[in-house]
Number of protein chains: 2
Amino acid sequence: MLPDLPWRPIVTESISQNTAPLRTSERILDAAEDLFAQKGYAATSLGEVADRVGIRSPSLYNHFRNKEALYEAVLERLLEEFGRPLQALQSAQALDQEHVIEWVEAIVRQHHANPNLAKLLQHAALSGGPHTNEIIERLFSPMFRAPGDEAMDGDYFGHLSRLGLQPWAVMAFNNLVMSYVTMAPMYRDLLGQDPFSDEALAQQLTLIRTLLKSVFAYRGE
Amino acid sequence: MLPDLPWRPIVTESISQNTAPLRTSERILDAAEDLFAQKGYAATSLGEVADRVGIRSPSLYNHFRNKEALYEAVLERLLEEFGRPLQALQSAQALDQEHVIEWVEAIVRQHHANPNLAKLLQHAALSGGPHTNEIIERLFSPMFRAPGDEAMDGDYFGHLSRLGLQPWAVMAFNNLVMSYVTMAPMYRDLLGQDPFSDEALAQQLTLIRTLLKSVFAYRGE
DNA sequence: CGGGCTAATGTGAATAATCGCGCCTCCTGA
DNA sequence: TCAGGAGGCGCGATTATTCACATTAGCCCG
């Protein structure tokens with residue numbers, strides 16, 4: 001038994017916990033995030049999470065109460081780090097169409113940098129689990145402001161606004177951005193390039209910007 | 001145990017298998033289709049499928065070799081019934097933009113009538129399973145024709161074609177359509193209406209048509 | 001300076017539930 | 001009577017979870 005223990009003292013991180021191996025709980029979150037995003041909550045086993053971290057599954061319970069709590073911690077971290085860069089943009093921006101484009105492009109870059117939130121939301125939406133509403137609310141509250149606030153309530157979408165389809169248009173562009181990452185394998189196959197490369201990001205940005213400008217410019221048939 | 005069995009003799013389907021209760025294998029396919037679409041392959045248990053049909057799980061093996069074969073039968077049926085109405089359109093249509101709109105709208109109606117194919121593809125794309133490529137190929141081969149065939153290769157997308165983004169635009173509109181059904185709970189929450197109602201379908205069609213016309217009309221910044 | 005306390009974090013073993021799947025039996029309808 | 005299709009039973013694997021431990025690091029105290 002115990003042929004050779006993979007034990008290293010793990011450099012004593014007296015004060016600087018910044019460099020070198022992260023705390024175990026962070027590494028658990030990293031592994032669980034990827035697995036939940038890829039396979040969904042039910043299809044992810046704690047044993048697999050533990051394997052990736054390099055520990056046994058019972059050890060997970062030293063850091064998280066149970067599987068559900070682990071999922072919520074993953075979700076919490078994702079939502080927080082996704083919203084942070086957007087809050088700066090949100091408070092400082094004027095209300096013209098150019099800033100709407102900037103806003104959407106920032107979201108594209110966020111999902112491109114870490115596709116896991118979009119994947120998690122897609123899994124939740126598909127299986128209609130209890131997390132769906134929570135994610136939706138926290139993710140979209142910055143987009144749909146309270147009535148009276150005119151942030152996203154102007155005539156940005158030109159003809160579409162006149163048709164009463166403004167919220168539908170907001171949803172559509174958001175889905176467009178998110179489905180790009182949740183459908184990444186499709187892009188890899190059909191376009192023959194890595195969908196997360198810098199070139200692909202540039203093309204995706206050009207596409208989104210062109211689509212937005214098209215809609216802004218459109219004045220009805 | 002066995003408080004009250006939900007057993008009805010289920011009217012004898014002597015010859016007319018057309019009306020009334022379908023053959024068992026069809027009912028298995030129906031149940032499995034919904035469950036695979038909702039929870040994905042790994043998270044769906046055969047016991048759950050059997051429960052929905054009203055039989056015990058070992059009886060499933062009288063109709064399908066194993067879980068994998070059941071999934072492939074579900075997929076086969078979905079792909080076949082999805083492509084059937086489109087083939088008529090495909091062969092008969094001229095090549096102008098109005099027919100591209102008709103084509104896209106037909107796809108919208110198909111996914112609206114049965115969202116399960118889109119959900120299945122989304123699950124496959126997320127977990128990167130071995131089915132992904134098969135679905136993609138069979139679903140998109142009518143859209144991307146062989147080079148030389150100009151079906152989807154004209155200047156439909158105006159400025160976007162000039163940017164070399166035509167395939168990206170095709171993918172984008174397809175994702176738009178599919179994400180509407182895979183993200184249905186989001187629409188229910190944020191827009192406060194049943195995303196599969198006739199009104200919602202009409203609005204979705206208007207949105208897609210307007211977006212297409214916008215792009216068609218756009219001539220660069 | 002050393003000894004013991006505590007909290008943190010790891011381990012293997014064990015449990016109950018559930019999974020896919022195969023074997024065998026029995027019933028029923030043509 | 002005979003075969004297809006249903007159920008019963010059970011195996012082996014995997015699941016989340018709990019438990020009874022080891023081992024470590026830091027801290028207080030004499």
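Proteins come first, then strands; the chains are lettered A, B, ... in the order of their sequence lines, and each starts at number 1. Both backbone and side-chain heavy atoms feed into the values below; hydrogens, waters and symmetry mates do not.
The shortest distance between the side-chain N/O atoms of Thr24(A) and the OP1/OP2 oxygens of dG10(C) is below 4.0 Å. The shortest distance between the side-chain N/O atoms of Ser59(B) and the OP1/OP2 oxygens of dG7(D) is below 4.0 Å. Look at His63(A) and you won't find any side-chain N or O under 4.0 angstrom from OP1 or OP2 of dA8(C). For the OP1/OP2 pair of dG12(C) and a distance below 4.0 Å, the side-chain nitrogens and oxygens of Arg56(A) include at least one atom meeting the criterion.
To the nearest angstrom, C1' of dG20(C) lies 14 Å from CZ of Arg65(B). Here dG5(D) presents its P atom at 8 Å from CZ of Arg23(B), a figure rounded to the nearest Å. Atom C1' of nucleotide dT24(D) and atom CG of Asn62(A) are separated by 13 Å, given to the nearest angstrom. Separating the CZ atom of Phe64(B) from the C1' atom of dG4(D) is a distance of 15 Å, rounded to the nearest angstrom. Here the P atom of nucleotide dG20(C) and the OH atom of Tyr41(B) are 8 Å apart, to the nearest Å. Distance Leu60(A) CG to dT17(D) P: 10 Å, rounded to the nearest Å. Tyr71(B) places its OH atom 18 Å from the C1' atom of dG20(C), with the value rounded to the nearest Å. With rounding to whole Å, Tyr61(B) atom OH is found 18 Å from dG10(D) atom P.
Among the protein residues, Ser45(A) comes within range of the sugar-phosphate backbone only, with heavy atoms under 4.0 Å from sugar or phosphate atoms but none that close to a base.
Around CD of Glu72(A), the count of heavy atoms belonging to other residues, nucleotides or ligands within 6.0 Å exceeds 12.
Aromatic rings of His123(A) and Phe36(A) (six-membered ring for Trp) have centroids beyond the 6.0 Å cut-off, not under it.
Between Tyr187(B) and Trp168(A), the two ring planes are tilted [angle within 30° to 60°]. Ring orientation note: the planes of Tyr71(B) and Tyr41(B) are nearly perpendicular, at an angle over 60° on the 30°/60° scale. A tilted orientation is assigned to the rings of Phe82(B) and His111(B), their planes being inclined by 30° to 60°.
Summary of the strand contacts: Pro58(A) and Glu48(A) both lie near DNA chain D, and taking for each the nucleotide with the nearest heavy atom, the more 5' one is attributed to Glu48(A).
When each of dG7(D), dG22(C), dT11(C) is scored by its nearest atom to the side-chain atoms of Ile55(B), the top-ranked nucleotide is dG7(D).
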